[in-house]
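A quick write-up on the structure given underneath.
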Amino acid sequence: MPTQPKVALVTGASSGIGAATARRLAREPGVELILVARRGERLADLAASLPCPATWVAVDLTHPNAPARVLAHVEGHHDRLDLLVNNAGAAWRGTFGETGWDNVHRHMELNFEAVVRLTEALLPLIRRSTPSAIVNVASTAARVSRANSGAYSASKFALVGWTDALSLEEAAHGVHVGMVLPGFVSTEGFPQTELRQKALTRLVLSSPEKVADAIYETGPGGKPERYVPRPYALAAYLRILAPRLVRRVLGGPAAATFTPAAAERKD
C-alpha cells in the first residue's frame with residue numbers, strides 16, 4: 001500500500017519566513033504543500049520551484065470569506081491536512097497616542113483574528129488527519145513589549161494566550177499545537193536595517209531559514225515552543241523576574257536601536 005502523503009499549509013508564504021518554511025518542509029519525503037498569501041504571482045513561482053507537489057491560494061486572510069476559500073481549496077485537492085502553519089502577519093510602528101485604536105485594530109485583524117478564523121475553518125479536517133499539528137508564529141514581542149510597537153505586541157500576546165489554551169484543548173483530539181517566537185529576523189517586510197549596519201547588533205539577528213527550522217521542530221517535531229534565537233527566551237524570563245530592570249533597559253538610549261521600523265504587509 002502506498003504511503004499517505006503528508007499535507008502542509010503555510011500562510012504568508014510569498015516571502016520571508018513563510019517561503020523559507022515552504023522550502024524547509026519541501027525537503028521532507030512525501031510532503032505536499034498548500035501555499036497561502038495575497039501575492040499569487042510569487043506563490044506560483046515558489047510552487048514551481050519546490051521539489052514536491054504544491055498548490056497555492058492567493059487571498060487576503062482578513063477578508064470575510066478567506067477561511068471558506070482556503071478550506072474549499074484544501075478539500076478540492078486533498079482529503080487531509082497534517083500541518084497548519086499560521087505565519088502571515090505584519091507590524092506598523094507608532095505610539096498609541098499617535099495611532100490609536102485604528103492601529104491596534106489592524107494588528108488584531110491580521111495577526112490574531114485571521115489566525116483564529118482560519119484555524120476554526122480547518123480544524124475539523126486537521127482533527128480527522130491525526131496525528132497532526134498546528135504551529136502559530138508569534139514573536140518575542142508577545143512576551144516583552146517595546147515602545148512604538150504596543151499594537152503589534154498586543155496582537156501577539158493574544159495569539160500566545162490563545163495558542164496555550166488551544167494546545168490543551170486539542171491534545172485530547174490528537175492535534176499538537178505549538179508556537180514559535182522569533183526575535184529580530186531580517187526579511188523583506190522587516191529589513192532590520194539599523195541592526196544590520198552594526199557588527200554588534202548583527203549578532204541579535206536571525207534568518208528566515210532558522211525560523212523555518214524551528215517551525216519544523218515545533219510542528220512535526222512536537223516541541224511546545226521555540227524562541228529564535230534560543231537566548232531570546234532570557235528576555236521573557238527577565239520580564240517576570242526583573243520587570244523594573246527590563247523597563248529601564250527598554251526605556252534607555254539603546255531602545256531606539258531595538259525598535260522595529262514600520263513595515264507594510266508582505267504576505
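- The side-chain contact (heavy atoms from CB on, under 4.5 Å) check on Thr130 picks up Ser132, Val175, with sequence neighbours excluded.
- Residues Val74 and Leu125 meet the side-chain proximity criterion, which asks for heavy atoms closer than 4.5 Å.
- With Lys156 contributing its side chain and Arg143 its backbone, the two residues share no donor-acceptor pair below 3.5 Å.
- Using a 4.5 Å heavy-atom cutoff, the side chains of Leu9 and Val70 are in contact.
- The two residues Ala26 and Leu33 come nearest to each other via the heavy atoms CB-CD1, 4.1 Å.
- The side-chain heavy atoms of Leu25 and Leu83, taken from C-beta on, include a pair separated by under 4.5 Å.
- The heavy-atom pair separating Arg93 from Thr99 by the smallest distance is O-CG2, 4.4 Å.
- Shortest non-hydrogen contact noted between Val59 and Ala66 is CG2-CB, 3.7 Å.
- Nearest heavy-atom pair, Trp56 versus Ala47, reported as atom, atom and distance to 0.1 Å: CD1-CB, 4.0 Å.
- Here Glu41 pairs with nothing under the side-chain hydrogen bond (donor to acceptor under 3.5 Å, both in side chains) rule; sequence neighbours left out.
- In terms of the side-chain contact (heavy atoms from CB on, under 4.5 Å) criterion, residue partners of Ala141 (sequence neighbours excluded) are, by chain and number, Ser139, Arg146, Tyr152, Ser153.
- Residue pairs meeting the side-chain hydrogen bond (donor to acceptor under 3.5 Å, both in side chains) criterion with at least one member in residues 117-126, sequence neighbours excluded: Asn86-Thr119.
- In this structure, the side chains of Ile17 and Ile215 come closer than 4.5 Å at one or more pairs of heavy atoms.
- Glu32 meets the side-chain hydrogen bond (donor to acceptor under 3.5 Å, both in side chains) test with His78; sequence neighbours excluded.
- For His77, the ring pair (Phe, Tyr, Trp, His ring centres under 6.0 Å) test picks out His73, with sequence neighbours left out.
- Expressed to the nearest 0.5 Å, how far NZ of Lys6 lies from OG of Ser129 amounts to 9.0 Å.
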Hey, can you pull the donor-acceptor pairs under 3.5 Å for the side chains in residues 216-223, sequence neighbours left out?
from   : atom 1 : to     : atom 2 : distance (Å)
Tyr216 : OH     : Glu28  : OE1    : 3.1
Glu217 : OE1    : Arg226 : NE     : 2.8
Thr218 : OG1    : Ala214 : O      : 2.7

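- Across every non-hydrogen atom of Ala151 and Val104, the tightest pair is CB-CA, 3.8 Å.
- Within the 4.5 Å cutoff, the side chain of Leu123 has heavy atoms near those of the Glu170 side chain.
- A donor-acceptor contact shorter than 3.5 Å links the side chain of Thr11 to the backbone of Asn87.
- Within the model, atoms CG of Leu71 and CG of Asn65 stand 12.0 Å from one another, a figure rounded to the nearest 0.5 Å.
- Note on residues 45-54: no pairs pass side-chain hydrogen bond (donor to acceptor under 3.5 Å, both in side chains), not counting sequence neighbours.
- With sequence neighbours excluded, the residues forming a side-chain hydrogen bond (donor to acceptor under 3.5 Å, both in side chains) with His173 are Arg127, listed by chain and number.
- Residue Ser149 holds its OG atom at 8.0 Å from NE2 of His107, rounded to the nearest 0.5 Å.
- Put simply, CZ on Arg39 and CG on Leu46 are 11.5 Å apart, with the number rounded to the nearest 0.5 Å.
- Evaluation of the side-chain contact (heavy atoms from CB on, under 4.5 Å) rule for Ala114 yields Leu61 as partners, not counting sequence neighbours.
- When all heavy atoms are compared, the tightest approach of Gly12 to Ala88 is N-CB, 3.6 Å.
- Residues in residues 207-216 take part in these salt bridge (charged side-chain N to carboxylate O under 4.0 Å, His left out) pairs, two or more places apart or across chains: Arg24-Asp213.
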May I have the step-by-step check of side-chain contact (heavy atoms from CB on, under 4.5 Å) for Leu50 and Leu35, ending in yes or no? CA-CA 11 Å; Leu50 296 174; Leu35 311 175; 4.3 Å; yes

Only pairs under 3.5 Å count here: list side-chain donor-acceptor contacts from residues 157-168, not counting sequence neighbours, and write none if there are none.
from   : atom 1 : to     : atom 2 : distance (Å)
Thr163 : OG1    : Asn136 : ND2    : 2.8
Thr163 : OG1    : Leu159 : O      : 2.6
Ser167 : OG     : Asp164 : O      : 2.6

